[in-house]
Amino acid sequence: MNRIDNSTDWLEFIENLIEKEAIRLIDEKSNEEEATRAIERGVDEVLKIAPGIYVEAMKKNAQSMLRKERRMRRAFEKRSFKRWRPAFDLLETIWRAAEESTAAFNNKHRHDAAEKNDQVFDALTRLNGRGLQVASEAIHLLRGGYADGAMSRWRTLHEILVTAMFIRNHGPDVAERYFASVDFSRLKAANQINRFADRANLQPFSSEELLQFEKRCEAWEERFGEKLNDHDWARPGFPGLVSKARITFAHLEENTGMDHWRPRYKWASQHTHAGHRDHGVGLGLTETDSDIILVGASNSGFVDPMQMISLHVCSLATILLLTRPSIDTLTITRALYELAHEVGETAIEREAETLRKHRRHFWSWRRRS
């Protein structure tokens, strides 16, 4: 069997195989119609064995290909980190300081909050934890060269922050409804899984399990006077809203005074959904005028996600820490914000400085060549 080193070799191999089979069948058949049918059967036979040959070829060549790919990846990440290191250092320092301070705060006040059934404290603690995890994911995407992916994770971080602010502003009743809403989400998810279980190869929920979900939702509905689907848990914060009107995330943004982030939120959403985007709108393409279809990493476009992630991490920590204000918590939150503002300034400086240096080296190289 001939060695197949890459996709081009593979395509040539298949084309040659089909061509040889076609020539053989044409030679054997005098009738054109019979020859055509025979060729079609021959193609079918080739396609039965061809995928298996391709799989074997991929497995055979995978290790050398992947070693080269991973070596290139490590080299890229090293160069990218070097370019943005001062901003990364600040951003990761903020994350660590927020994580350590909120963890210590939770450990200090968790017992007292549990005794008082302080659901606001519980909600904000859990949302802060989720926010830190999402921010960590976004930072790792940036380290890997995926600014657009980091922006998409910031979008989730923004939703977490707005939700935390809304619960803090509207108190225990809204916090309780927020926790209760998970049962309605579970029932909706269970019904959806059962609907597609066969086609999606999923294990369906039993009738008994669905009944338990329904009973929990019925109990909450009786308590609150309505189902808590989507953002219905937030309804007490909108006394002027028409009864049963649909509440959206945009309502929560406006209610918390965070609606000025909506343009950036919509901007981040374009990296999440499949709508058409004009050339060059991706963050990874901000430093090129070429019509490129970017399918991998880029060390461009880090400024905005770095700034936005740092500010939202600070805001989430502040919301939690200031539920029990003290000299310590006030000092920590002010220090976090001071660092966060430095992130943006540092990232902008690094982007401009390194781009100037790159262009200077490029034109120097062009003159020499």
Side-chain angles (χ1 to χ4, degrees), residues 84 87-88 90-92 94-95 98 127-128 130-169 230-231 234 237 247-288 294 297-319 333 336-352 355:
W84 297 97
F88 269 123
L90 285 169
L91 176 56
E92 292 178 48
I94 289 168
W95 189 95
L127 284 165
N128 178 72
R130 284 176 63 186
L132 284 168
Q133 183 180 37
V134 170
S136 181
E137 293 167 0
I139 291 168
H140 277 271
L141 283 165
L142 286 171
R143 291 284 293 267
Y146 297 98
D148 294 297
M151 195 71 153
S152 296
R153 297 313 290 143
W154 171 85
R155 178 182 186 269
T156 302
L157 182 59
H158 178 65
E159 292 179 357
I160 293 169
L161 173 60
V162 170
T163 299
M165 292 179 71
F166 190 92
I167 291 171
R168 178 203 61 186
N169 292 348
D230 300 323
H231 291 97
I247 297 172
T248 66
F249 179 67
H251 285 115
L252 270 64
E253 281 183 314
E254 185 177 2
N255 187 276
T256 55
M258 293 289 282
D259 46 333
H260 61 288
W261 285 95
R262 170 106 324 218
R264 288 185 172 87
Y265 180 77
K266 296 299 289 184
W267 179 30
S269 298
Q270 70 181 335
H271 310 302
T272 302
H273 304 301
H276 175 66
R277 298 188 298 171
D278 289 334
H279 157 68
V281 299
L283 289 170
L285 297 172
T286 53
E287 294 174 318
T288 179
L294 184 63
S298 164
N299 67 2
S300 296
F302 286 22
V303 172
D304 287 291
M306 280 182 159
Q307 292 184 94
M308 292 156 66
I309 292 164
S310 61
L311 286 169
H312 273 44
V313 167
C314 290
S315 295
L316 262 176
T318 298
I319 289 167
T333 55
L336 286 173
Y337 276 113
E338 187 172 325
L339 281 175
H341 288 296
E342 282 188 41
V343 170
E345 295 169 0
T346 303
I348 290 169
E349 289 172 3
R350 288 299 296 168
E351 182 178 58
L355 185 58

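Just so it is clear, the values below take in all heavy atoms, side chains as well, and ignore hydrogens, waters and symmetry mates.
- Not counting sequence neighbours, the partners of H312 by the side chain to side chain donor-acceptor pair (under 3.5 Å) test are H158.
- Residues M151 and M308 are in side-chain contact: their nearest non-hydrogen atoms beyond the backbone lie under 4.5 Å apart.
- A donor-acceptor contact closer than 3.5 angstrom is absent between the side chains of Y146 and S298.
- Looking at N255, its side chain does come within 3.5 Å of a backbone N or O of G237 through a donor-acceptor pair.
- By the salt bridge (Lys or Arg N to Asp or Glu O under 4.0 Å) test, R168 pairs with no residue at all, sequence neighbours left out.
- Under the 4.5 Å side-chain criterion, counting only non-hydrogen atoms from C-beta, P305 is in contact with L142.
- Looking at W154 and R264, their side chains come closer than 4.5 Å, going by heavy atoms from C-beta outward.
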- prompt: Run the side chain to side chain contact (heavy atoms under 4.5 Å, CB included) check on V162 and W261 step by step: do they pass?
  reply: CA-CA 10 Å; V162 170; W261 285 95; over 6 Å; no
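- Considering only heavy atoms from C-beta on, H231 stays 4.5 Å or farther from H251 through its side chain.
- Remark: the R153 side chain and the T156 side chain contain an N/O donor-acceptor pair separated by less than 3.5 Å.
- Comment: E159 does not engage R130 in a salt bridge, judged by the lack of any side-chain N to carboxylate O separation of less than 4.0 angstrom.
- Residues that satisfy the side chain to side chain donor-acceptor pair (under 3.5 Å) test with T346, not counting sequence neighbours, are absent from this structure.
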